[in-house]
Every structure is written in structure tokens, then in C-alpha cells.
2 protein chains.
Amino acid sequence: MKRNTWQREAVRTALGTQMGFVSAQDLHSNLKGTGSQIGLATVYRALGDLATEGEADSLQSPEGESLYRACSTGHHHHLICRGCGLAVEIEADDVEQWAKSVAALHGFSQAEHVVDVFGYCSACVPAVG
Amino acid sequence: MKRNTWQREAVRTALGTQMGFVSAQDLHSNLKGTGSQIGLATVYRALGDLATEGEADSLQSPEGESLYRACSTGHHHHLICRGCGLAVEIEADDVEQWAKSVAALHGFSQAEHVVDVFGYCSACVPAVG
DNA sequence: GGCTTATTGATAATGATTGTCAAAAGCGAT
DNA sequence: ATCGCTTTTGACAATCATTATCAATAAGCC
């Protein structure tokens, strides 16, 4: 049976207070910073569970780190700022349909798609060099 | 100046003979298997260069590995089989437009997007459990 | 053939993530 | 509140991909 531990709750809460995506490592530092003595492995496990249960979104940054964010239910994608981590949820029925049809067209099944847009939000546009 | 080494050529060739995406590690094993004594670091470097020069596509598998594939020029996306690695290049002007407009709509600049579909091709559909 | 310098490659270093396993805590029954 | 069974935790080791290091090598130019 799934048990209710303060650690899991702490992760859920910490994730909820984040405005954007965070890595497990960051979230862990974050928690430690607020006095929590939660372990790193536990944060990974909690995030994994949260993602599995649909309470969190996970995606990979271009650098290959796994990032997580509390999410509303349902399937959606994100527009993520490389500067501040701000994430905007975007609905993309068109893209869903497109992904589905492309997969079907080529005889692929169990299709999963990765659709995310990275850029700099208006507040983070770096000085163009 | 950029020099022409057999190593770089070997990587380019090996990549060209692959039908789908391969990881740097795989490509390295592959090359070693054919008798090449190329070093792992060199394979990483060559792949990175190839990708930078636009001669290869790179993307990240859901597991977080970087995968590479010789590619035609231009920007496009992929439908990748989890089973055999088969990759189908897909053009998606619609998606390009969508990504661009979504980014613009939210004031994001320098938008890059990650759009790939993973699934099982008709030959690799696993027994449904 | 030499010189200069980019490139290589063996290995160490890094860094994220997962596995291990004994100790601790949760939950239901008492 | 306590007991007991099980899940969960957490410190640390292990794993794995990738990058950095740096002396030795080889390209390209004279």
C-alpha cells in the first residue's frame, strides 16, 4: 500500500511552490535549504512517483537533466524559458493529432511524443551578442 | 583549421551506415567491432562536431541518452522505434509554424523546439501484456 | 623533410541517477 | 497506545554517459 510520509508531502509541496521546472537535485538543495533533512534518493523516488501518478510533469532539458513540475491534470506541453525556468503550459490539440496521425501513418503504435519549446522569455532575453 | 582525420571520416561513415539513431557509445562499440581503434572521446567529439555542422541530427532518447543520426540537410523531426531504432524523418511545417507562433505569442525569443515521436514500429510491436 | 598546431586517446573527473540494505516509520489490527 | 508486518527512508556505493586533461601523434603547409 502507498504510504503517506512527510517526505513525499514535502516534495509535493516544494514542487508546488516552484514557478517552473526544477531538477531533482535543485529541489533537493531547495528542501535542505529550508531545513528539511530529506535524502536525495528520496527526492528522486518521490518525483518519479509523482510523475507516474500524473501529479507532476517531467521532461528533459536540452542538457539532459530530468526536470519536474507540478502539473494540472491532462496531457500538455510546455514553453520553457532557459533563463528563469518559467514554464507556460501549452495545449496543442493540433500537435496531438498530428503526432497520432504520423505514428499511425507509419504503422507505429504506443506512440509517445516529446514536444517542448525552449527559448527566452521577454524578461530574460539576453543581450544579443 | 579543421583537419581531416580518418577518425572523423570513420565516424561519419559509421553513422551513415546506421539505419536509425545511435548513441555515441553504441557507435563506438560498433567501430571497435569492425577493428577500428578509435577512442571513445573521439567519437563523442566527432559526433558533436557533425551535429554542429549540420551533418548529423541529435536528439535525446526518453532515457536521457544523446542519440545521433546522419541527416539530410534542413530542419525536421523524427518518428523513432524504441525496438529497433528505426527512424523516419518527418517534415512538419505545421508544427514548425505552431512552435514559432506559440513562442511569439508568449513573447519568447530564440525558440528551439523538441518534437519527436517514439513508439514501436509494425515489426517491433511487443506482445501486448 | 620539418614545423606548427589541431587532434587523438587513455584515463581521470564529473555529475546525474539508481541500487543496496539496514534502520525507521506508517498503517491496520488489537 | 502497542504490536507487527511492510513500505519507505537515507547514506553511500555503484553505474553510466559525458567531459576534461594533457602528453603524444599526425595534418597540412613550407
Side-chain angles (χ1 to χ4, degrees), chain A residues 1-15 18 20-53 55-69 80 82 85 114, chain B residues 1-15 18 20-53 55-69 80 82 85 114 116 118:
Chain A
M1 179 207 301
K2 177 70 64 76
R3 290 178 188 177
N4 223 11
T5 64
W6 66 264
Q7 285 96 334
R8 206 177 292 269
E9 198 53 42
V11 169
R12 195 200 310 274
T13 302
L15 198 61
Q18 292 291 328
F21 278 83
V22 269
S23 66
Q25 304 274 351
D26 286 346
L27 202 61
H28 179 238
S29 310
N30 209 314
L31 282 161
K32 296 283 264 197
T34 66
S36 176
Q37 280 305 109
I38 193 170
L40 176 58
T42 303
V43 173
Y44 272 97
R45 280 185 290 239
L47 284 174
D49 288 351
L50 249 19
T52 300
E53 294 160 21
E55 291 193 58
D57 258 345
S58 71
L59 61 82
Q60 293 187 1
S61 74
E63 290 76 34
E65 250 184 309
S66 286
L67 303 180
Y68 298 87
R69 186 195 180 197
I80 302 118
R82 287 182 198 287
V114 177
Chain B
M1 182 207 299
K2 176 72 61 77
R3 289 178 188 174
N4 223 10
T5 65
W6 65 264
Q7 285 96 334
R8 206 177 293 269
E9 199 52 42
V11 170
R12 195 200 310 274
T13 302
L15 197 60
Q18 292 290 328
F21 278 83
V22 269
S23 65
Q25 304 274 351
D26 286 346
L27 201 61
H28 179 238
S29 311
N30 210 316
L31 282 162
K32 296 282 263 197
T34 66
S36 175
Q37 280 304 110
I38 193 170
L40 176 59
T42 303
V43 174
Y44 272 98
R45 278 185 292 240
L47 284 174
D49 288 352
L50 249 21
T52 300
E53 293 159 22
E55 291 192 58
D57 258 344
S58 71
L59 60 81
Q60 293 187 0
S61 75
E63 288 75 34
E65 250 183 310
S66 286
L67 303 180
Y68 298 86
R69 186 194 180 196
I80 301 118
R82 288 182 198 285
V114 178
D116 288 294
F118 288 84

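Numbers restart at 1 for each chain; the letters A, B, ... are given by sequence-line order, proteins then strands.
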For B:Ser29, all residues meeting side-chain contact (heavy atoms from CB on, under 4.5 Å), sequence neighbours excluded: none

Do A:Ile80 and A:Leu59 have side chains that approach each other closer than 4.5 Å (heavy atoms only, starting at C-beta)? yes

Taking side chain to side chain donor-acceptor pair (under 3.5 Å) as the definition, give me every residue that meets it alongside B:Gln25, ordered by chain and number, with sequence neighbours left out. B:Tyr44

Just call it for A:Ser23: base, sugar-phosphate, or nothing, with non-hydrogen atoms closer than 4.0 Å on any strand. nothing

Is the shortest side-chain heavy-atom distance between B:Tyr68 and B:Leu15 below 4.5 Å? yes

Test side chain to side chain donor-acceptor pair (under 3.5 Å) applied to A:Glu65 - qualifying residues, sequence neighbours left out: A:Ser23

What residues, two or more places apart in sequence or in another chain, satisfy salt bridge (charged side-chain N to carboxylate O under 4.0 Å, His left out) together with A:Arg12? A:Glu9, A:Glu55

I'd like to check the side chain to side chain donor-acceptor pair (under 3.5 Å) partners of A:Glu53; sequence neighbours left out, ordered by chain and number. A:Lys2

Extract the stems that DNA chain D is part of, considering only consecutive pairing runs of at least three Watson-Crick or G-U wobble pairs, both distances under 3.5 Å. C:1-30 with D:1-30

Listed once per pair and sorted, the salt bridge (charged side-chain N to carboxylate O under 4.0 Å, His left out) pairs that draw on residues 22-36 of chain B, sequence neighbours left out: none

What string of B, S and - do you get for nucleotides 2-16 of chain D, 5' to 3', if B is base contact, S is sugar-phosphate-only contact and - is no contact with any protein heavy atom under 4.0 Å? ----BBSBBB-----

Contacts of B:Asp49 meeting side chain to side chain donor-acceptor pair (under 3.5 Å) (sequence neighbours excluded), chain-then-number -> B:Arg8

First and last nucleotide of DNA chain C touching chain A, 5' to 3', heavy-atom cut-off 4.0 Å? C:dA16 to C:dC27

For A:Arg45, give me all partners under salt bridge (charged side-chain N to carboxylate O under 4.0 Å, His left out), at least two apart in sequence or on another chain. none

